[in-house]
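Report on one structure; see the data block that follows.
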Amino acid sequence: MELFLLFLFFLLMVFFCFFLYSFPLSFKLKEPISKLQLPPGKTGWPIVGETLEFAAMGRNGTPEKFFKDRMSKYSQEVFKTSLLCEQIAVFCGPAANKFVFSNENKLVALSWPSSAKKIFPSSNSSTKLRAVALTLLKPDNLHKYVSIVDSIAKSHLETQWNFQKEVNVLSLVRQFDFTAACRLFLSINDPHQIEDCAKPFEVMAAGIFTLPINLPGSSYNRGIKAANSVRQKLLGIIKQRKGEVMDKQLVHDEDLLSLFLTKPDENGKFMSEPEIADHLLAALLASQDSTTASITFTMKYLAEFPDIYDEVLKEQRSIAQEKIPGEPLNWKDLQKMRYAWNVVSEVLRLVPPVQGNFREVLTDFTYSTFFIPKGWKIYWTPNSTHKNPQYFSDPEKFDPSRFEGSGPMPHTFVPFGGGSRICPGKDFARVVILVFMYNVIGKFRWEKLLPVEKTVVLPIPLPAKGLPVVLHPH
């Protein structure tokens, strides 16, 4: 269906595209093109660029191949391409990662792809979301969240996993993640309300990283509809909470929604309800997708490596022995889960939940002798280093010991980005992942029902069949 719609779109746009692409880039630059060397590479077809090839490699579970092939052919440091209707310079390697992370709001600024504009129309910048998220996820709150997430995990396993012989890990972990996010971000506990909001999120995520062609039946069109559906539900929640805050009828814990409603920006301005809804959409999407993928693939690798599972179980039991029966987990317990976090870190290296991010070029600059024009997009990706044998020996091997001692060299392991724009939710993700793994490992062993299961990246990496497993209670 997608390809058929694209073909019709090409027929309508071909002459217009030829006209646009016939203009030399030198008309847009301050100097003649002969004096300015753009990064090597190719931009593919008009409009779509190399998006279809990029998406195809994701569907095959090998997104790193797109970057590896072009790094080998063009440059190990930077190459040009066109993705999602954007002219892009892909920055590769630890030096490039450091350059991008250290030049935020100087040479580059965080940017959404154009396909996100209709999905999050009132959220043109993530600055407000980041500022509020940093307030919500300050250390004191994170310490408090450990016991809350522990309670949610125990309840979820009790109702959804106990007495089950077989489960679909992806489906249930996604349910747990979204429940935790709704509880901590919105103070929502009603399972029916949570389930009602959760359904459209997978469709919405697929629509963000696709060609922005808003035709009936396209991924982009479905993503917009899914976002609108969730947005309307969130607007109802926002209006209700706003009334409660104004009338002081109900005092909520300091959650994300209450912060949006009560904290003005530096100019004393409060966000509008549509802005709040879009920021909540982005926060729920980011929280759910990244932690869901990380937990699911951690369970996959633990099923494949029983010796590593045994080491994690040994560590978990040593923590449990020091606790009173029924005592919830706390922040100090998480600090003792060193080996478990090494295991999760190796999962994040092999299967980074975020495949990369965009930056907009704020001013012309030169990198590695190549000219990067203002208005272009930069794309950085962990896939340029995470499986590179130059930085990780035997990179396809699952080996948590890589993270012992000082760990990988700087700017080679970047699942959460880096610099001033490092993911503000990375410590929250650590809490959710470790707490869930502690609880599920404490109850079960498991084995995969499908010995070989394909991984697809759309745009988050996920097992194609959801990782069905057989549970073996301790």
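Numbers here are sequence positions counted from 1.
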What are the two closest non-hydrogen atoms of [X] and [Y], and how far apart are they?
X: Pro328; Y: Asp333; value: O-OD2, 4.2 Å
X: Ala153; Y: Val435; value: CB-CG1, 4.4 Å
X: Leu471; Y: Gln164; value: CD1-O, 3.6 Å
X: Asn357; Y: Ser111; value: OD1-O, 4.2 Å
X: Pro463; Y: Leu170; value: O-CD2, 4.2 Å
X: Thr43; Y: Ser82; value: O-CB, 3.4 Å

Is the backbone N or O of [Y] less than 3.5 Å from a side-chain atom of [X], with the two atoms forming a donor-acceptor pair by type?
X: Asn439; Y: Lys154; answer: no
X: Ser102; Y: Lys98; answer: yes
X: Asn141; Y: Leu136; answer: yes
X: Thr412; Y: Tyr391; answer: no
X: Asn168; Y: Pro468; answer: no
X: Asn97; Y: His411; answer: yes
X: Ser155; Y: Ser151; answer: no
X: Ser272; Y: Glu275; answer: yes
X: Ser218; Y: Ile213; answer: yes
X: Thr298; Y: Val344; answer: no

With heavy-atom distances below 4.5 Å as the criterion, would you say the side chains of [X] and [Y] are in contact?
X: Thr455; Y: Phe297; result: yes
X: Gln355; Y: Pro461; result: yes
X: Val100; Y: Tyr367; result: no
X: Asn60; Y: Lys454; result: yes
X: Trp446; Y: Val440; result: yes
X: Ser187; Y: Leu257; result: no
X: Leu302; Y: Ile441; result: yes
X: Arg183; Y: Asn189; result: yes

Task: Contacts of type salt bridge (charged side-chain N to carboxylate O under 4.0 Å, His left out), residue Glu50, not counting sequence neighbours - done: Lys42, Arg70

One thing to verify: whether [Y] and [X] come together as a salt bridge, which I'm taking to mean a side-chain N less than 4.0 angstrom from a carboxylate O.
X: Lys144; Y: Asp140; result: no
X: Glu327; Y: Lys323; result: yes
X: Arg241; Y: Asp255; result: yes
X: Lys377; Y: Glu360; result: no
X: Glu453; Y: Lys465; result: no
X: Glu315; Y: Lys336; result: no

Does the gap between the ring centers of [X] and [Y] come in under 6.0 Å?
X: Phe185; Y: Phe428; value: yes
X: Phe358; Y: Trp380; value: no
X: Tyr145; Y: Trp331; value: no

Taking atom types as modelled, find out whether [X] and [Y] have a side-chain donor-acceptor pair closer than 3.5 angstrom.
X: Lys300; Y: Thr296; value: no
X: Thr381; Y: Asn383; value: yes
X: Arg222; Y: Ser219; value: yes

TODO: Check the surroundings of atom NZ in Lys68: do more than 12 heavy atoms from other residues, nucleotides or ligands lie under 6.0 Å from it?
DONE: no

TODO: Check whether more than 12 heavy atoms from other residues, nucleotides or ligands sit under 6.0 Å from atom NZ of Lys225, and answer yes or no.
DONE: no

Open item on the list: Using 30° and 60° as the class boundaries, would you call the ring planes of Phe54 and Tyr379 parallel, tilted or perpendicular?
Closed with: perpendicular

TODO: Specify whether Phe176 and His156 have parallel, tilted or perpendicular ring planes, treating 30° as the upper limit for parallel and 60° as the lower limit for perpendicular.
DONE: tilted

TODO: Begin from the C-alpha positions of Lys387 and Leu350 and carry the test side-chain contact (heavy atoms from CB on, under 4.5 Å) through to its verdict.
DONE: CA-CA 7 Å; Lys387 291 187 179 180; Leu350 286 169; 4.0 Å; yes

Task: Residues Gln175, Ser171; criterion side-chain contact (heavy atoms from CB on, under 4.5 Å); working and verdict - done: CA-CA 6 Å; Gln175 180 183 335; Ser171 176; 5.7 Å; no

Open item on the list: Exactly one of Phe413, Phe398, Trp341 should register a ring pair (Phe, Tyr, Trp, His ring centres under 6.0 Å) with Phe403. Which one does?
Closed with: Phe413

Open item on the list: Does Arg349 qualify as a cation-pi partner of Phe392, given the criterion of NZ or CZ under 6.0 Å from the six-membered ring centre and within 45 degrees of its axis?
Closed with: yes

If I take atom [atom1] from residue [X] and atom [atom2] from residue [Y], how far apart are they, to the nearest 0.5 angstrom?
X: Leu234; Y: Lys239; atom1: CG; atom2: NZ; value: 12.5 Å
X: Gln87; Y: Ile372; atom1: CD; atom2: CD1; value: 11.5 Å
X: Leu467; Y: Ile295; atom1: CG; atom2: CD1; value: 12.5 Å
X: Ser420; Y: Lys106; atom1: OG; atom2: NZ; value: 8.0 Å
X: Glu195; Y: Asp190; atom1: CD; atom2: CG; value: 10.0 Å
X: Ile319; Y: Gln316; atom1: CD1; atom2: CD; value: 5.0 Å

TODO: Assess whether side-chain contact (heavy atoms from CB on, under 4.5 Å) is satisfied between Phe66 and Leu83, documenting all intermediate values.
DONE: CA-CA 12 Å; Phe66 181 88; Leu83 299 173; 4.1 Å; yes

Task: Working for side-chain contact (heavy atoms from CB on, under 4.5 Å), residues Asp289 and Phe201 - done: CA-CA 9 Å; Asp289 279 347; Phe201 267 84; 6.0 Å; no

Task: Intermediate values then yes/no, ring pair (Phe, Tyr, Trp, His ring centres under 6.0 Å), Phe99 and Phe365 - done: CA-CA 12 Å; Phe99 179 88; Phe365 66 87; 5.5 Å; yes

